[in-house]
Amino acid sequence: MTENFIPDSRELFHATCAGVRFTRPPFWMMRQAGRYLPEYRQLKEKYGFLGIVQTPEVAVEAALQPMRRFDFDCAIIFSDILVVSEALGFPYKFKDAGGIMLERKIRNANDVKEVRKNIGAIRERLSYVADNARLLHKELPKKAVLGFCAAPLTLASYMLEGEGSVDFPALKTFAKESPELFGELMDSLAEALAEYLKMQIECGVDGIQIFDSHASITPEGKFDEMSGQWVRGIIQALDGRTRTIFFAPKMSKRFSEISTLGADIYSVDDACKLSELRSCGGQPYGLQGNLNPDLLSTSTPDEVSKKTHEIIADMSMFGRHIFNLGHGIKPDAKIENVEALCSAVKNFK
Ligand code: 1CP
C-alpha cells in the first residue's frame, strides 16, 4: 500500500494494472460517452453518429464530455467496433428503427478474400481514429486514454449476420459448414485488428480493451477454438507495449476458458463476485467490473453508492482492480446515479 504518494489517474491506472494496490481503484464506465448525456444527444443531433466518429475534433469532444462531468480516471476514444468492418470493405449504417446494419454481408470465399485484400489499407482508412487518439491523449495528459477494438469473433458476427442478433444463425452455420473459410476469416480479422491496435498504441493510448461482446455464443468448452486463440494471438502481437483488458459478458461462469488469453485485466459482468473469480484457477487475475448497469437506470443514488462501495471493498485487499460496470451504461441511466457512483469510488476508504 502506498500511503504518501498520490498518483494522478494515469499513474493509478498503470500501477493498478501492474499490481500495485492503492486506497481506491481507477474507474471508468463502458459507453461513458453516449445517449444518457444530454450534451452527447446534442452533438449527435448536429453531426450524426458517423459524423462524430469520422471527425477527430468532434469525436474528442464526445469522449471529453463524460470526463468533464465525472472526472473518470480513464477516457475511451469515441469510435465504434464496426469502423474496422468498414475499412475491410463491409460498411455499416444506422437503421431507421434504431440499431446498425451492414450494407453487405460475408457469404462466401470471395468475400473472405476481399477481407484479406483490404488488411493492408487498415491504417490509411482508419487514420481518422489515429488522429482522434492523438488529440485525446494531448487533451488529457494525466488521464489514462484507452483504445479498443472488437475481438475477431464479435466482429465476424456482425460481418456475417449483417446486424445485431440474439442467436447468430449465420455465424453458427458458417463456422460449422465452412470451418476452413471461418478460420481464414478469423486469421484475417485478427491480423487487421492487431495492426489497428498497434496504430492506436503508436498514437499514445495507455491501454486497449478488446470487446468480445458475443463470446458467450460459443458452446461451453469451445471458446478457445472459436474465439480465444485469435484474441491470444492479438495480445501476443502487441508484445507488452500497452496494458490489455479483455471484456466478455456472460462468461464469468466459464472464467477458466477466458482467463488464459494473457490479458492484464479481465472485464466481467455482474453475475459474479469479483473476489471469488480472482482466485479461480489458483493464479490471481486482474479484474475489471462489475456494477450492474441497470442499477443506474432503475435504482436510487443511495443504492448505487452502497453497491459500488461493496464491490470495491470486496477487492480492496487484493488490488489489480479497475472499477467499471458489468456492461455498457444504458441510455436511460440517471445522471444523479452516475454522480453517486463517482463519489462512492473517489471517497472510498
Ligand atoms: O448514439 C447512438 O445512437 C449510437 C450508439 C452507439 C455508441 C454511443 C454506437 C452504435 N456505438 C457507440 C460508441 C461505442 N461503441 C464506443 C465508444 C463510446 C464509449 O464507450 O464511451 C464503444 C467502446 C463501442 C463498442 C461497441 N459497439 C460494442 C462493444 C461494447 C458492447 O456494448 O458490448 C458493440 C457490440 C458495438 C456495436 C454497436 N455500435 C452501435 C450499436 C447500436 C451497436 C450494437 C449493435 C447490436 O448488436 O444491435
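Whatever order the structure lists ligands and atoms in, that order sets their numbers, starting from 1.
The atoms of ligand 1 that sit less than 4.0 Å from any heavy atom of Phe211 are 23 (C), 29 (C), 30 (C). Each of the atoms 13 (C), 14 (C), 15 (N), 16 (C), 17 (C) of ligand 1 lies under 4.0 Å from some heavy atom of Ser79. Residue Ser213 has at least one heavy-atom neighbour below 4.0 Å for each of these atoms of ligand 1: 29 (C), 30 (C), 31 (C), 33 (O), 35 (C). Every atom of ligand 1 with a heavy atom of Tyr40 under 4.0 Å away is listed here by number and element: 1 (O), 2 (C), 4 (C), 8 (C). If you number the atoms of ligand 1 from 1 as listed, the ones under 4.0 Å from a heavy atom of Ile76 come out as 19 (C), 20 (O), 21 (O), 23 (C). Close approach of ligand 1 to Ile100 is summarised as follows: ligand atoms under 4.0 Å from at least one heavy atom of the residue are 45 (C).
The shortest N/O to N/O separation between Ala33 and ligand 1 falls below 3.5 Å. Looking at Gln32 next to ligand 1, an N or O pair under 3.5 Å apart turns up.
If you look at Phe168 and Tyr158, their ring centroids are not closer than 6.0 Å.
Of the listed residues (Lys44, Glu163, Arg31), the one carrying the non-hydrogen atom nearest atom 43 (C) of ligand 1 is Arg31. When the heavy atoms of Phe49, Tyr36, Phe78 are ranked by distance to atom 6 (C) of ligand 1, first place goes to Phe49. Among Val166, Leu155, Leu37, Ile81, the residue whose heavy atom lies nearest to atom 37 (C) of ligand 1 is Ile81.
Given atom 11 (N) of ligand 1, the protein heavy atom at minimum distance is Asp80 OD1, 2.6 Å. For atom 48 (O) of ligand 1, the closest heavy atom belonging to the protein is Gly164 CA, 3.5 Å. Regarding atom 44 (C) of ligand 1, its nearest protein heavy-atom neighbour is Tyr158 OH, 3.8 Å. In this structure, the protein non-hydrogen atom closest to atom 22 (C) of ligand 1 is Phe148 CZ, 3.6 Å. In this structure, the protein non-hydrogen atom closest to atom 10 (C) of ligand 1 is Phe94 CZ, 3.6 Å.
At most 12 heavy atoms of other shown residues, nucleotides or ligands fall within 6.0 angstrom of atom NZ in Lys222. No more than 12 heavy atoms of other residues, nucleotides or ligands shown are found within 6.0 angstrom of NZ on Lys250. The environment of CD in Glu103 is crowded: more than 12 heavy-atom neighbours from other residues, nucleotides or ligands sit within 6.0 Å. By the 6.0 Å contact criterion, NZ on Lys307 is open, its count of non-hydrogen atoms from other residues, nucleotides or ligands being 12 or less.
Side-chain atoms of Asp314 never come within 3.5 Å of backbone atoms of Glu310 as a donor-acceptor pair (strictly under, hydrogens ignored). Not a single donor-acceptor pair under 3.5 Å links the side chain of Thr154 to the backbone N or O of Ala151.
Between Glu202 and Arg123, at least one side-chain nitrogen of the basic residue sits less than 4.0 Å from a carboxylate oxygen of the acidic one, meeting the salt-bridge criterion. Remark: Arg254 does not engage Glu220 in a salt bridge, criterion side-chain N to carboxylate O under 4.0 Å.
Using a 4.0 Å cut-off between heavy atoms, His327 contacts ligand 1 through its side chain alone, with no backbone atom that close. At a heavy-atom distance under 4.0 Å, no atom of Pro249 approaches ligand 1.
Side-chain contact check for Ile265 versus His321: every heavy-atom pair is 4.5 Å or farther apart.
Of the listed residues (Phe13, Phe348, Phe323, Phe72), just one forms a ring pair (Phe, Tyr, Trp, His ring centres under 6.0 Å) with Phe27, and that residue is Phe72.
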